[in-house]
Asks: 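Structure provided below as C-alpha cells; questions to follow.
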Amino acid sequence: MAAVAKQAQQLARQLFKLSVVDSVVSTDRVAGVLAYVEKHAPANAVLVLKAYHRLVSVELAKSEARVEHAGAVAPAALTAIAAAMTKKYSRPIAATSHANPALLAGLRVRVGDDVYESSVSGQLAALSLSV
Amino acid sequence: MLPSLFLAFVEAPVAAAHAAHAAAAEPGIAEKFGLEWKYVVIQAISFLILFVVLYLKAIKPTIAAMDERAHQIDAGLKYAEEMKTRLAATQQQTESTIKEAQQKAQAIVAETQKTAKEFADKQQNEAIEKASGLIAKAQEAIELEKKKMLAEARTEIARLVVATTERVLAKKLTEADRASYNETAARELTGV
C-alpha cells in the first residue's frame, strides 16, 4: 500500500512539473495533463489525481495573496498589496479579497503558508499573549 | 592374762626356795624388808616380758594408730590449708572474673548506649532532612501553584478584556473607521 502511494506521488510530481511554466501553473498544461490521465488511465489514477491536485493547489496558493478584511478595502490597496507581494516573492501574485468580520478592522494577507496581518483582532490577540 | 598365769606358775617354786634360804641365813636389811633378788629379777623379767608384750600388742599399734591419726590430721590440716589457699585463689579469680565481666558488661552497655544514641541521632537527622525536603517541596509546589493560578488569572483577565474590547469595538467601530484602519494596514503591509 505504501509502495503504491509512493508511486502515485512520484507520478503526480512528474505531472506537476510538466504543468509549471516559468514558475507559474499553466492552465493549458494542466488541461493537457488531465487529458493525458483521462486517456491513458494510469494505475491508481485516483491517487495520482489527488496528489496532483494538492500540488497544484499549493502552487496556486503561492501565486495568490488572499486578503481578508473587515470593512471596505479600496481596490488600489489590493493592487498595492499584490504588487508588493509580487516584488517580495519574485513571482506574479494576484490579490483576492475575502471579508472576515472577526478581524474587527484591518487586513490579513496569506500567501502560501506565510501570513501577514495588521488588524485590531491581531493586536488584541498579541496584547492578550503579552500580558 | 598370759603374764599373770606365767607369774603364778613361776612364783610358787621361787617362794619355796626363798623360804628355805631365809631360814638358813642371817637376815640382812634386804631380808628384813623381804627383798629377794631372784624375785626382783623374776619381776624384772616379768615386767620386761609384760612390757614387750604390751609394747608389741598395745603400745606399738596405739602409737602407730596415733601416728597414722596424726598423719591424717596433718594431711587433713594441710589439705584444709591447701583448700583454703585454693578457695582464696578461686575467690580472687572469681572476683577478678566478675570484675572483668562487669567491666566488659559496662563497656558493652556503654557501646550499646552510644550506638543507640548515634542511631537515634541519625534517624532524627534523616527525619529532619526528610521533613525539610517535604516542606521545601510543598513550598515549591505551593509557589508553582500560586504562579500557575496567577498566570491563569492573568490570562483569563486578559482574555475577558480582549473579548470585551472586541465586542465593544465590533459595536462602536464604524465603516469609516474600518476603511481608514484598512488603508493604514494596507500601507503597512505593502511596506513588508
Asks: So which of B/Ala186, B/Ala179, B/Ala151, B/Ala176 has the biggest tally of heavy-atom pairs under 4.5 Å with chain A?
Replies: B/Ala186
Asks: Using non-hydrogen atoms only, which part of A/Ser119 is less than 4.5 Å away from chain B: side chain, backbone, both, or neither?
Replies: backbone
Asks: So for A/Leu127, is it side chain, backbone, both, or neither that comes closer than 4.5 Å to the heavy atoms of chain B?
Replies: neither
Asks: According to side chain to side chain donor-acceptor pair (under 3.5 Å), does anything in residues 114-124 of chain B pair up with another residue at least two apart or in another chain? List the pairs.
Replies: B/Lys117-B/Asp121
Asks: Which atoms of A/Ala74 come close to chain B, meaning under 4.5 Å heavy atom to heavy atom: side chain ones, backbone ones, both, or neither?
Replies: neither
Asks: For B/Asn182 and A/Ala105, indicate whether the former's side chain and the latter's backbone hold a donor-acceptor pair under 3.5 Å.
Replies: no
Asks: Can you name the residues of residues 75-107 of chain B that have some heavy atom under 4.5 Å away from a heavy atom in chain A?
Replies: none
Asks: With sequence neighbours left out, write down each residue that passes salt bridge (charged side-chain N to carboxylate O under 4.0 Å, His left out) with A/Glu117, or none if nothing qualifies.
Replies: A/Arg108
Asks: Would you compute the distance between atom NE2 of A/His98 and atom CZ of A/Arg66 and round it to the nearest 0.5 angstrom?
Replies: 4.0 Å
Asks: At what distance, to the nearest 0.5 angstrom, does CG of B/Asn125 lie from CD of B/Glu129?
Replies: 6.5 Å
Asks: OG1 of B/Thr155 to CG of B/Leu150: how many Å apart, nearest 0.5 Å?
Replies: 10.5 Å
Asks: Could you state the interatomic distance from CG (A/Leu11) to OH (A/Tyr52), rounded to the nearest 0.5 Å?
Replies: 11.0 Å
Asks: Can you tell which of A/Val120, A/Val73, A/Val67, A/Leu129 has the highest number of heavy-atom pairs within less than 4.5 Å of chain B?
Replies: A/Val120
Asks: To the nearest 0.5 Å, how far apart are CD in A/Glu38 and CG in A/Leu49?
Replies: 9.5 Å
Asks: Following the transitive rule for hydrophobic clusters with a side-chain heavy-atom cut-off under 4.5 Å over Ile, Leu, Val, Met, Phe, Trp and Tyr, establish whether B/Leu48 and B/Ile59 coincide in one cluster.
Replies: no
Asks: What residues of residues 161-175 of chain B sit under 4.5 Å from chain A when only non-hydrogen atoms are counted?
Replies: B/Val162, B/Thr165, B/Glu166, B/Leu169, B/Ala170, B/Leu173, B/Glu175
Asks: Under a 4.0 Å threshold between the charged nitrogen and the carboxylate oxygen, would B/Lys137 count as salt-bridged to B/Glu140?
Replies: no
Asks: Taking all atoms of both residues into account, what is the closest heavy-atom pair of A/Ser26 and A/Val21, and its distance?
Replies: CB-CG2, 4.0 Å
Asks: Using a cut-off of under 4.5 Å for heavy-atom pairs, which of A/Ala72, A/Ala77, A/Ala83 has the most such pairs with chain B?
Replies: A/Ala72
Asks: Roughly how far apart are A/Ile81 CD1 and B/Glu188 CD, rounded to 0.5 Å?
Replies: 11.0 Å
